[in-house]
Amino acid sequence: MSDVRLNNICKVYDSRERGRGGVLAVKNFSMDIRDGEFIVFVGPSGCGKSTTLRMIAGLEDISSGDLYIDGTYVNDVPAKDRNIAMVFQNYALYPHMTAYQNISFGLTLQKVQEPVYEENEEVKAVLAEIGALKNEFALIGKKNNAGERKIDAIEKNNVAYAKSIDALTKKVAHLKNRGMHQSSVRAAVSKAEERVKSLNNAISDGLKQIECIIDDMNESKTRMSEIKEAILEKQQSIAGYQLKRIDQKKIAELNKSLAYYRRLAVSDEAVRNKDEVELQRLEGELDLINRNGSLSEEQQFRAEGLQDLIRRYREELDILAQRKISIEQNISRNQSEIEHYSQTPVPVFKNRHYTKAEIDEKVMRAAEILDIKKLLRRKPREMSGGQRQRIALGRAIVREPKVFLLDEPLSNLDAKLRTSMRSEIVKLHKQLNTTFIYVTHDQVEAMTMGTRIVVMKDGEVQQIDTPVNLFDNPVNTFVAGFIGTPQMNMFSVDMQGCGDKINFTFEDGLVLCFEKAKVRAIKDECLDGQTHRVVMGVRCENLFLTEKGKGFTCIASGIELLGSETNIYTSVEGVNVTLKLNYRPDVSIGDEIYVGMDESKLYLFDSVTTKTILK
């Protein structure tokens, strides 16, 4: 398990060569992700959710801000060294490899650290014992693999026997229908029945063999667990003999990083000076245009363009100022770490590849978790989309990462399979108890999977909250409209508090009066007796059909029958409105309907800031 901390993370794609300043993809993203959480980034296309995920993975550079994984600063740590695993939208499986080979491929390249010990007789004796245990572990693994193959062969034979029995049974029935008076028919029937009996015995023997093999394999797995514990105990017994020395390689890496940040500081300073000069020039040109008083259409267009450029350069200078602080902190951190590692010897390790037995154990464990043992010898073209996605998940699981990153992994699946895979990923998260960060544009996935959801728009975080709080207490109109299906209905109205009543006046003069006690608590400054322009939001399920003279009068322009639910589309005061009913009303397109709303479920937002005015 691992926690992830993002502190004012920004991502700017440089486009100054086009004379427009940088493109800000992610702005001041800050969040603490706790151990074992399932976090979902959700938002429309281009909101920065995948870019943020790629920065966590190390596939995108961080323009400014700090990223920590398990308490370790990782801004300048390569993706391969962050101990994370990523599952992509398009599976990314090798078509010429079997499922087993796809899952294990990363492990064949990955290296694991092994302690280096002093050379003495005691250590040599313990290492010899560890080597013998590892050899036994490998032999047991081979035996289990042979058992798995034998079970597969027996099951295939049993399927073939069952088909033969079915064919022979049909043949016997056909022969009996012809009559048993001929000796040749009786002989054929007798021979077929004997063959059926023989095949049934073969199937029974095969099932008994499978039971014996499974019992042996269970015993072997118990022994393998005992071996792993014994190896760990013996390694701990000689831990005091592990060599220690000054880590020159680490010092060289830190010096390289220090040199990089110093170069970056010089480069950023040059860019900052250039941007400040250009900003002064643009502000001067804009000031000169504004002095002329009334502006022509061409001057107005130029002034708007200058304002946009000035805004972009100011944003970039703000980011450069934040990055300057971050660079100074990194330089200070690297200097202190260089001093620490120059004076403090650290344990010595050597890198080695995973053994075949270790790889096999990890693959079989992942296959057992995902229930894909029967798929391990198939190639991707022989699998469905859901099966391929399980293989991609298995490839991530075997790495035993600190953090799982999933970038819209279900987008390529059909609706039914997407629903089943959602529940499987949630089960997997609970089983592994590891931090998951999941990116999607589908709010249904976000609401059903995440422990917390991050709603993003235009590179900025709009709200971070649990699914229930996000639905019940959206902080602004964007979150309110994005979360919920169908989308929330919204109206621009004038609100005025009058004693124990609240009046809402629509643009055409229609007035709705609700009791203050029934409406959700509103901020005191908005109920000062003055008229306030607000946005009223009401979810589709909180609108209902009522009697004539009550609520809105409108025309049904569309009806969707969804089995247990019905969606009715209409318009109120020129605004498209959707009703979501849990029954089938006797309404047809073109009918006049009367729509009421549940005043206790209203959402209210400031029309200028779009932020909620509810307490």
Side-chain angles (χ1 to χ4, degrees), residues 1-11 25-43 47-79 81-88 322 326 329 393 396-397 399-410 422 425-443 445-457 459-471 473 475 479 482-483:
M1 293 199 304
S2 179
D3 62 319
V4 179
R5 182 157 63 91
L6 301 96
N7 183 27
N8 290 323
I9 296 292
C10 293
K11 177 62 183 178
V26 178
K27 182 178 180 181
N28 294 334
F29 191 113
S30 295
M31 184 182 186
D32 288 336
I33 300 173
R34 298 182 289 272
D35 282 347
E37 274 199 289
F38 196 125
I39 299 297
V40 180
F41 295 166
V42 67
C47 70
K49 54 188 185 294
S50 289
T51 302
T52 305
L53 193 78
R54 290 172 63 82
M55 285 192 284
I56 295 172
L59 303 177
E60 291 280 0
D61 291 331
I62 297 172
S63 300
S64 67
D66 302 316
L67 174 63
Y68 296 86
I69 297 178
D70 200 20
T72 303
Y73 179 81
V74 296
N75 278 44
D76 50 359
V77 175
D81 298 327
R82 294 192 182 188
N83 195 13
I84 53 93
M86 193 160 182
V87 179
F88 299 93
Q322 292 176 12
S326 178
Q329 290 173 344
L393 287 168
I397 289 171
R399 296 194 59 196
E400 297 178 357
K402 292 180 178 178
V403 183
F404 279 89
L405 307 178
L406 300 97
D407 190 5
E408 302 198 34
L410 308 183
R422 279 205 309 261
I425 291 175
V426 172
K427 288 178 185 175
L428 178 64
H429 169 251
K430 289 180 179 177
Q431 193 167 358
L432 298 176
N433 199 24
T434 306
T435 305
F436 275 51
I437 304 176
Y438 187 102
V439 163
T440 181
H441 62 273
D442 186 341
Q443 53 151 314
E445 287 182 17
M447 294 293 286
T448 55
M449 300 174 75
T451 52
R452 283 195 294 164
I453 299 173
V454 182
V455 182
M456 298 183 69
K457 178 191 176 188
E460 294 189 62
V461 174
Q462 301 295 307
Q463 186 172 354
I464 302 174
D465 219 324
T466 63
V468 172
N469 282 340
L470 209 62
F471 187 86
N473 304 298
V475 296
V479 176
F482 191 82
I483 300 297

With heavy-atom distances below 4.5 Å as the criterion, would you say the side chains of [X] and [Y] are in contact?
X      : Y      : answer
Thr451 : Arg34  : no
Leu53  : Met86  : yes
Met449 : Ile425 : yes
Asn83  : Pro401 : yes

field: Set of residues satisfying ring-ring contact (aromatic ring centres under 6.0 Å, His included) with respect to His429, sequence neighbours excluded
entry: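 Per chain and number, His429 pairs via ring-ring contact (aromatic ring centres under 6.0 Å, His included) with Phe38, Phe436.
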- prompt: Can you name the ring-ring contact (aromatic ring centres under 6.0 Å, His included) partners of Phe88, sequence neighbours left out?
  reply: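 For Phe88, no residue satisfies ring-ring contact (aromatic ring centres under 6.0 Å, His included) once neighbours in sequence are set aside.
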For residues 464-471, which side-chain N or O atoms pair as donor and acceptor with protein atoms under 3.5 Å away, sequence neighbours left out?
residue, atom, partner, partner atom, Å
Asp465, OD1, Asn469, ND2, 3.2
Thr466, OG1, Asn469, N, 3.3
Thr466, OG1, Asn469, ND2, 3.4

Report yes or no: does [X] contribute a side-chain atom to a donor-acceptor pair with the main-chain N or O of [Y] at less than 3.5 Å?
X      : Y      : value
Thr435 : Asp35  : no
Glu445 : Glu408 : no
Asn75  : Gly65  : yes
Gln443 : Phe482 : yes
Lys11  : Asp61  : yes

Partner residues of Ala396 under the side-chain contact (heavy atoms from CB on, under 4.5 Å) criterion, sequence neighbours left out: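 With sequence neighbours excluded, Ala396 shows a side-chain contact (heavy atoms from CB on, under 4.5 Å) to Ala85, Val87, Phe404, given in chain and number order.
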Hey, what do you get for [atom1] ([X]) to [atom2] ([Y]), rounding to the nearest 0.5 Å?
X      : Y      : atom1 : atom2 : value
Met447 : Asp442 : CE    : CG    : 11.5 Å
Thr51  : Leu59  : OG1   : CG    : 11.0 Å
Asp66  : Ser30  : CG    : OG    : 9.5 Å
Ile33  : Ile437 : CD1   : CD1   : 3.5 Å
Met456 : Lys49  : CE    : NZ    : 8.5 Å
Ile56  : Arg82  : CD1   : CZ    : 9.0 Å

Listed once per pair and sorted, the salt bridge (charged side-chain N to carboxylate O under 4.0 Å, His left out) pairs that draw on residues 50-59, sequence neighbours left out: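 Sorted pair list: Arg54-Glu60.
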query: Residues two or more places apart in sequence or in another chain: which of them pass side-chain hydrogen bond (donor to acceptor under 3.5 Å, both in side chains) with Ser64?
result: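 Here no residue qualifies.
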